[in-house]
Amino acid sequence: MLDINLIRDDPDRIRDAMRLRNEEPAIVDLILKLDVERRKLLTESEKQKAKRNAVSKEISQMKDAAARQSKIDAMRAVGDAITGLDEQLRQVDEQLHKNLSSLPNIPDPSVPIGAGEQDNQVVKTVGKKSEYNFTPKPHWELGPELGLINFDQGTKLSGTRFYVLSGAGARLQRAIISWMLDLHIRQGYTEKYLPFMLRSDILYAAGQLPKFIDNLYHDAEEDFWFVPTAEVPLTGLHSDEILEEASLPIKYTAYTPCWRREKMSAGKDVRGIKRGHQFDKVEMYKYCLPDNSTAEHEALLKDAEDTAAGLGLTYRVVAQCTGDLSFASQRTFDIEVWAPGCGEWLEVSSVSNVGDFQARRANIRYRPADGSKPRFVHTLNGSGLALPRIMIAIIENYQEQDGSVKVPDVLKPWMGGIEVIRREP
RNA sequence: GGAGGGAUGGCCGAGUGGACUAUGGCGCCUGUCUUGAAAACAGGUGUGGGAUCUCCCACCGGGGGUUCGAAUCCCUCUCCCUCCGCCA
């Protein structure tokens, strides 16, 4: 959510930001109108309340019964006026809040201008695409052949877009999760184990509701929402809190499964394990001082890059353009790893600086060390990294001509002596 | 699932319709005293919003109601605690 003061003070800046994101700028004028109306009603209501408070005090001290009763009768009208004003105020407030919370974040000036995905900019590419003297297989062939991935069993249990990992495949994923968490701990993050089902107010605080309701799984009986990304509970951890400046930055990492309906993406990426209703992810998250968020963002990107590099993968960093930026973000870098079997760059991480956008909505502030008024923190999030796509990249990159897959060195401590995954005889 | 008890400022805790503009204590900040510190004493110490900016309004777990007036009475929801049952 944006600060209403920003809109009051410099509406043109917000209109420009809307245009850059392919959004309608007219909403800014509606918000300004509602804001004026709200303050008018508020001032009037408070004036009446001040009167009520003063006269009520007088009534409590009056001895003469008749005079007292006539005051009480007169105050009844004031009470009714307040009720009426507050009802109007509530409606205007609701409209204002609805419109205000539908505004996306303002892109950082450094974000490349563009209409959509095609205008994103490749910032750098690290490593080279491996060369093979055979045709590398996609994971949806290699996985089943090696007994690592079973699509039929996933369908049997849960339907389309589900799969079962088996034997060395299940173990490989667990090894990657463990290695990533340990790496992030070394990078200074505190590991969190979180609930995977959440209350609706936590989803609102993180900005998932109401906008992304169609992508979420929900248990109606208990009103639980299944976590779509660890970013949601990690934001909720400190909602409605005032943190001490000295405690910042706070850096968390967490492994969670993630559940998404993927209604919007029906028919897209249907082969293999690239896009499912359930996937695993290790996430990194930071709360920091406003002045430090740009530097913390670059550090977060570096931490995510080190994860891809540590697994020996070829990757590139892509700067999202204004038209592709997600709703809450002011600046985002994607990390994409090369998968030679399916022949595409796979997005395994999105590293975003959302500024105070999420903190304002979740009401997360810090008290400056000088004791002055609380201010909103800045929050940042980045995957480190998304598991199924890392599994794809490892299986496809580490494949040998004989159909086996080598285990990356860093994962060997968790693989119980398995150095090469071979077809079962 | 059943029965009961609770939720008040950073913390503890008093307050059952008007003196609450929330008592008191602890903690914290400032000052006096001191070579310095402690102690003692004095003052201060929540959040948000609005304004005509020395002022006003709201907030006692959330929401709603009764009343001229609600921390206090009523309804409802959430969470916590104790006991019983069930359970990995």
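Labels below follow one simple rule: chain letters A, B, ... track the order of the sequence lines, proteins then strands, and each chain is numbered from 1.
- B:G1 is paired with B:C84 under the criterion used here, namely a Watson-Crick or G-U wobble arrangement in which both key atom distances are under 3.5 Å.
- The nearest whole Å value for the distance from the CG atom in A:Asp86 to the P atom in B:G65 is 10 Å.
- A:Asp73 comes within 4.0 angstrom of nothing in the nucleic acid, heavy atoms only.
- Contact between the side-chain N/O atoms of A:Lys373 and the OP1/OP2 oxygens of B:G48 is found at a separation under 4.0 Å.
- A donor-acceptor contact under 3.5 Å is not formed by the side chain of A:Lys47 with the base of B:U52.
- Across all strands shown, A:Lys71 has no heavy atoms under 4.0 Å from either base or sugar-phosphate atoms.
- Rounded to whole Å, the distance from CD on A:Gln69 to P on B:U67 is 13 Å.
- Residue A:Arg39 has a polar side-chain atom (N or O) positioned under 4.0 Å from OP1 or OP2 of B:A51.
- Heavy atoms of A:Leu42 sit under 4.0 angstrom from primed sugar atoms or phosphate atoms, though from no base atom.
- Classification of A:Asp73 and A:Arg76 as a salt-bridged pair holds, one side-chain N sitting under 4.0 Å from a carboxylate O.
- Here the separation of B:U47 from B:A40, taken at their P atoms, is 28 Å to the nearest Å.
- A distance of about 8 Å separates the C1' atoms of B:G15 and B:U23, rounded to the whole Å.
- Rounded to whole Å, the distance from CZ on A:Phe224 to C1' on B:U78 is 12 Å.
- Glycosidic conformation of B:C53: syn, with the torsion inside 90° of 0.
- Nearest nucleotide to the side chain of A:Glu46, out of B:U47, B:G50, B:U21: B:G50.
- The distance from atom CD of A:Glu44 to atom C1' of B:U52 is 14 Å, rounded to the nearest whole Å.
- Using C1' as the reference atom, B:G46 and B:C29 are 14 Å apart when rounded to the nearest Å.
- Pair check for B:G36 finds none; no Watson-Crick or G-U wobble contact set falls under 3.5 Å.
- Between the P atoms of B:U82 and B:U72, the separation comes to 28 Å (whole Å).
- Position along RNA chain B of the nearest nucleotide to A:Ser60 versus A:Asp35 favours A:Ser60 as the more 5'-ward residue.
- No donor-acceptor contact under 3.5 Å links the side chain of A:Arg8 to the base of B:G50.
- Atom P of nucleotide B:G46 and atom OH of A:Tyr366 are separated by 19 Å, given to the nearest angstrom.
- Defined by atom type and a distance below 3.5 Å, a donor-acceptor pair is present between the side-chain atoms of A:Tyr285 and A:Thr235.
- When each of A:Asp334, A:Thr229, A:Thr332 is paired with A:Ser350, the side-chain hydrogen bond (donor to acceptor under 3.5 Å, both in side chains) condition holds for A:Asp334 and for no other.
- Regarding contacts with the backbone of B:A58, a side-chain N or O of A:Asn53 is found under 4.0 angstrom from either OP1 or OP2.
- For the pair A:Lys51 NZ and B:G50 C1', the computed distance is 20 Å after rounding to whole Å.
- Comparing the same atom, P, in B:U45 and in B:C55 gives a spacing of 13 Å after rounding to whole Å.
- Annotation: cation-pi pair A:Lys211/A:Phe327 present, NZ/CZ under 6.0 Å from the ring centroid and within 45° of its normal.
- Taking 4.0 angstrom as the limit, A:Arg52 places none of its side-chain polar atoms (N or O) nearer than this to OP1 or OP2 of B:U67.
- Across the C1' atoms, B:C53 and B:U67 are found 34 Å apart, a figure rounded to whole Å.
- Nucleotide B:U30 has B:A42 as its partner under the Watson-Crick or G-U criteria, with both atom distances under 3.5 Å.
- Rounded to a whole Å, the CG atom of A:Asp223 is 10 Å from the P atom of B:U78.
- Across all strands shown, nothing is found opposite B:A51 as a Watson-Crick or G-U wobble partner with both distances under 3.5 Å.
- Pair assignment for B:A22: none, as no Watson-Crick or G-U wobble contacts are both less than 3.5 Å.
- Ring centroids of A:Tyr287 and A:His238 are separated by less than 6.0 Å, placing the two rings close together.
- Picking from B:U47, B:A51, B:A58 the nucleotide with the shortest atom distance to the side chain of A:Ile242 gives B:U47.
- Nucleotide B:G15 forms a Watson-Crick or G-U wobble pair with B:U8, both donor-acceptor distances falling under 3.5 Å.
- With distances taken from any side-chain atom of A:Arg367 to the nucleotides B:G50, B:G46, B:G69, the minimum falls on B:G46.
- Taking atom CZ of residue A:Arg90 and atom P of nucleotide B:G65, one finds them 10 Å apart after rounding to whole Å.
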Trace of the side chain to side chain contact (heavy atoms under 4.5 Å, CB included) decision for A:Val420 with A:Val405: CA-CA 6 Å; A:Val420 179; A:Val405 170; over 6 Å; no
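- Across B:C26 and B:C80, the matching P atoms stand 32 Å from one another, rounded to whole Å.
- Using a 4.0 Å cut-off between a side-chain N of Lys or Arg and a carboxylate O of Asp or Glu, A:Glu283 and A:Lys281 qualify as a salt bridge.
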A:His277/A:Phe162 under ring pair (Phe, Tyr, Trp, His ring centres under 6.0 Å): CA gap, chis, key distance, verdict: CA-CA 7 Å; A:His277 291 306; A:Phe162 287 92; 5.7 Å; yes
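- Taking the P atoms as reference points, B:G5 lies 15 Å from B:U76, given to the whole Å.
- Between A:Glu222 and A:Arg38, the residue whose closest nucleotide on RNA chain B is further toward the 5' end is A:Glu222.
- The A:Arg199 side chain lies nearest to B:C79 when the options are B:G18, B:C79, B:G50.
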